[in-house]
Amino acid sequence: MLRLLLSGCNGRMGTIVAQYCALMPDVEIAAGCDLLGSDSREFPVFPSPAGIRCSIDVAVDFSSPSALDGLLWFCQERKIPLVLATTGHSERQLAAMEQAADVIPIFHSANLSLGANLLAWLVRQATACLGEEYDVEIIERHHRYKKDAPSGTALLLAKAASAGLAAPLTPVCRGSGHGTPRRREEVGISCVRGGGITGDHTVLLAGTDEVLELSHSALNRTAFASGAIKAARFLAGVTQPGLYCMDDLICRPQ
Ligand SMILES: NC(=O)C1=CN([C@@H]2O[C@H](COP(=O)(O)OP(=O)(O)OC[C@H]3O[C@@H](n4cnc5c(N)ncnc54)[C@H](OP(=O)(O)O)[C@@H]3O)[C@@H](O)[C@H]2O)C=CC1
Ligand SMILES: O=C(O)C1=N[C@H](C(=O)O)C[C@H](O)C1
């Protein structure tokens with residue numbers, strides 16, 4: 001049995017992950033964490049990891065950047081691997097996560113769906129083929145409740161676009177009326193928030209005479225939940241501390 005700690009268990013993703021795990025005979029949510037706790041779930045819910053005493057194989061976090069410090073402390077103390085799916089962390093937090101990966105295995109991915117990670121790979125191939133003459137612009141669209149912008153996936157795609165080129169691109173968030181012409185060395189990110197959009201990402205490669213568009217749409221949150229459980233299963237078999245990501249799960253041509 002794979003025993004999980006689910007951080008952010010009362011949220012949109014936490015709810016879907018718990019439902020998804022309930023369908024798996026060999027995966028169990030041993031404990032949950034959420035700010036308000038809860039006594040109506042099929043597992044105990046704690047306001048922070050500090051109070052958890054039961055045995056945990058892997059922690060899975062879909063909560064908020066504010067949960068990170070407590071989670072890293074708990075997982076390092078108990079030597080528990082961590083799947084970190086939350087987005088919107090600061091540079092300081094990302095550095096703390098990298099340090100913690102010297103002690104425990106951490107699987108960090110801003111998007112746990114197979115398709116979005118394949119999109120990142122395709123974007124890298126596309127910029128490598130098209131080169132500096134094509135401007136890269138990213139449009140991300142999410143539901144009205146999303147707190148962070150730009151999305152973690154948009155930043156991941158910006159990095160992938162940059163990796164295909166000789167000179168790196170700097171991510172720039174587009175607002176309305178920015179009033180200066182685009183600079184060649186930027187990758188623009190435009191954020192849309194509305195309704196119940198689960199998560200759409202489009203990468204535009206805009207040349208003078210043609211435009212290539214590559215897109216991914218998550219149709220529901222199970223796309224992420226299934227990736228989270230694959231990542232948890234993977235970490236349960238990892239023996240070395242380190243930073244892992246979807247590249248460690250996906251087989252594709254180099
Ligand atoms: N990597 C991936 O594939 C995906 C990542 N995400 C990311 O996951 C995160 C959660 O998304 P979503 O479920 O939509 O958000 P929600 O706001 O619906 O859920 C987050 C839950 O975490 C709780 N929470 C907030 N702070 C803490 C804390 N310090 N400790 C424990 N629990 C806390 C929230 O409580 P309260 O509401 O009271 O604040 C809420 O119940 C986001 O960062 C999102 O971007 C989402 C989908 C896919
Ligand atoms: O908050 C969300 O909902 C999502 N967040 C992730 C992100 O910031 O990229 C992944 C997905 O797009 C859904």
Side-chain angles (χ1 to χ4, degrees), residues 5-20 31-38 40-41 45-52 59-75 82-90 93-94 97 106-120 138-160 171 173 189 191-203 215-232 244-246 249-250:
L5 161 61
L6 181 56
S7 166
C9 62
N10 295 348
R12 279 173 291 275
M13 275 308 304
T15 304
I16 300 293
V17 171
Q19 284 170 5
Y20 187 79
C33 254
D34 211 288
L35 285 184
L36 298 180
S38 168
S40 61
R41 303 297 292 267
V45 180
F46 298 81
S48 86
I52 298 172
V60 176
D61 177 48
F62 282 100
S63 63
S64 145
S66 66
L68 186 70
D69 291 352
L71 269 175
L72 290 181
W73 170 81
F74 174 78
C75 290
L82 170 64
V83 177
L84 189 57
T86 297
T87 56
H89 294 111
S90 65
Q93 288 181 311
L94 293 175
M97 177 198 70
I106 299 184
F107 192 105
H108 182 223
S109 175
N111 196 310
L112 285 153
S113 76
L114 183 61
N117 286 278
L118 188 53
L119 173 63
I138 297 170
I139 302 112
E140 58 103 327
R141 305 190 308 160
H142 284 87
H143 52 95
R144 62 166 72 102
Y145 304 107
K146 185 163 176 62
K147 290 183 180 134
D148 57 315
S151 69
T153 311
L155 293 171
L156 182 150
L157 291 169
K159 214 181 244 184
C173 278
I189 304 180
C191 306
V192 178
R193 295 288 175 268
I197 302 168
T198 308
D200 297 347
H201 292 87
T202 296
V203 180
S215 287
H216 175 262
S217 286
L219 300 182
N220 53 54
R221 292 186 170 82
T222 306
F224 311 124
S226 63
I229 300 310
K230 281 194 189 91
Y244 301 88
C245 68
M246 288 296 277
L249 284 191
I250 298 173

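Every number for a ligand or one of its atoms is a count from 1 in the order of the listing. Positions are given from 1, in the same order as the sequence printed here.
Tested against C33, the residues L71, I52, V45 include a single side chain to side chain contact (heavy atoms under 4.5 Å, CB included) partner, I52.
Geometrically, ligand 1 and K146 share a nitrogen or oxygen pair separated by less than 3.5 Å. For a threshold of 3.5 Å applied to N or O pairs, the pair formed by S113 and ligand 1 contains no separation below that value. Taking distance alone, with nitrogen or oxygen atoms compared against 3.5 Å, P47 stays at or beyond that limit from ligand 1. Taking any N or O of N10, backbone or side chain, none lies under 3.5 Å from an N or O belonging to ligand 1. In terms of N/O distances under 3.5 Å, ligand 1 is approached by S109. In terms of polar-atom proximity, defined here as any N/O pair under 3.5 Å, G152 does make such a contact with ligand 2. Between A110 and ligand 1, at least one N/O pair is under 3.5 Å apart. Ligand 1 has an N or O atom lying under 3.5 Å from an N or O atom of A85, backbone or side chain. At least one N/O-N/O distance between L112 and ligand 1 falls below 3.5 Å.
Using a 4.0 Å threshold on non-hydrogen atoms, atom 37 (O) of ligand 1 does not count as touching the protein.
Remark: the backbone N or O of C9 is paired with a side-chain donor or acceptor of R41 at under 3.5 angstrom. Under a 3.5 Å cut-off, the side chain of N111 and the backbone N or O of T153 do not form any donor-acceptor pair.
More than 12 heavy atoms of other residues, nucleotides or ligands lie within 6.0 Å of NZ in K146, so this atom counts as buried by the packing criterion. Atom CZ of R141 is surrounded by 12 or fewer heavy atoms from other residues, nucleotides or ligands within 6.0 Å.
Nearest protein heavy-atom contact of atom 43 (O) of ligand 1 is T87 N, 3.0 Å. Among all protein heavy atoms, the one lying closest to atom 4 (C) of ligand 1 is F62 CE2, 3.5 Å. For atom 24 (N) of ligand 1, the closest non-hydrogen atom on the protein side is L35 CG, 3.9 Å. The nearest heavy-atom contact from the protein to atom 18 (O) of ligand 1 is R12 N, 2.8 Å. Here the protein heavy atom with the shortest distance to atom 10 (C) of ligand 2 is A110 O, 3.3 Å.
With distances taken over non-hydrogen atoms, the option nearest atom 42 (C) of ligand 1 out of S63, S64, G88 is S63. Heavy-atom proximity to atom 34 (C) of ligand 1, evaluated over V17, N111, L6, D34, is greatest for D34. Selection from M13, H108, M246, H143 by nearest heavy atom to atom 13 (O) of ligand 1 gives M13. When the heavy atoms of K147, R221, K146 are ranked by distance to atom 4 (C) of ligand 2, first place goes to K146. In this structure, of A67, S66, G227, G199, the residue bringing a heavy atom nearest to atom 30 (N) of ligand 1 is A67.
Within the 4.0 Å heavy-atom criterion, both parts of S151, backbone and side chain, lie near ligand 2. Only side-chain heavy atoms of H143 come within less than 4.0 Å of ligand 2; its backbone N, CA, C and O stay farther off. The side chain of H142, and not its backbone, has at least one atom closer than 4.0 Å to an atom of ligand 2 (non-hydrogen atoms only; side chain from C-beta on). In T153, the parts holding a heavy atom less than 4.0 Å from any atom of ligand 2 are both the side chain and the backbone.
Not a single heavy atom of R221 sits less than 4.0 Å from an atom of ligand 1. Within the structure, the closest approach of E140 to ligand 2 does not fall below 4.0 Å when heavy atoms are considered.
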With side chain to side chain contact (heavy atoms under 4.5 Å, CB included) as the test, would you mind laying out the steps for V17 and F224 before giving the verdict? CA-CA 8 Å; V17 171; F224 311 124; over 6 Å; no
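Checked for salt-bridge contact, R193 and E140 meet the test: a charged N lies under 4.0 Å from a carboxylate O.
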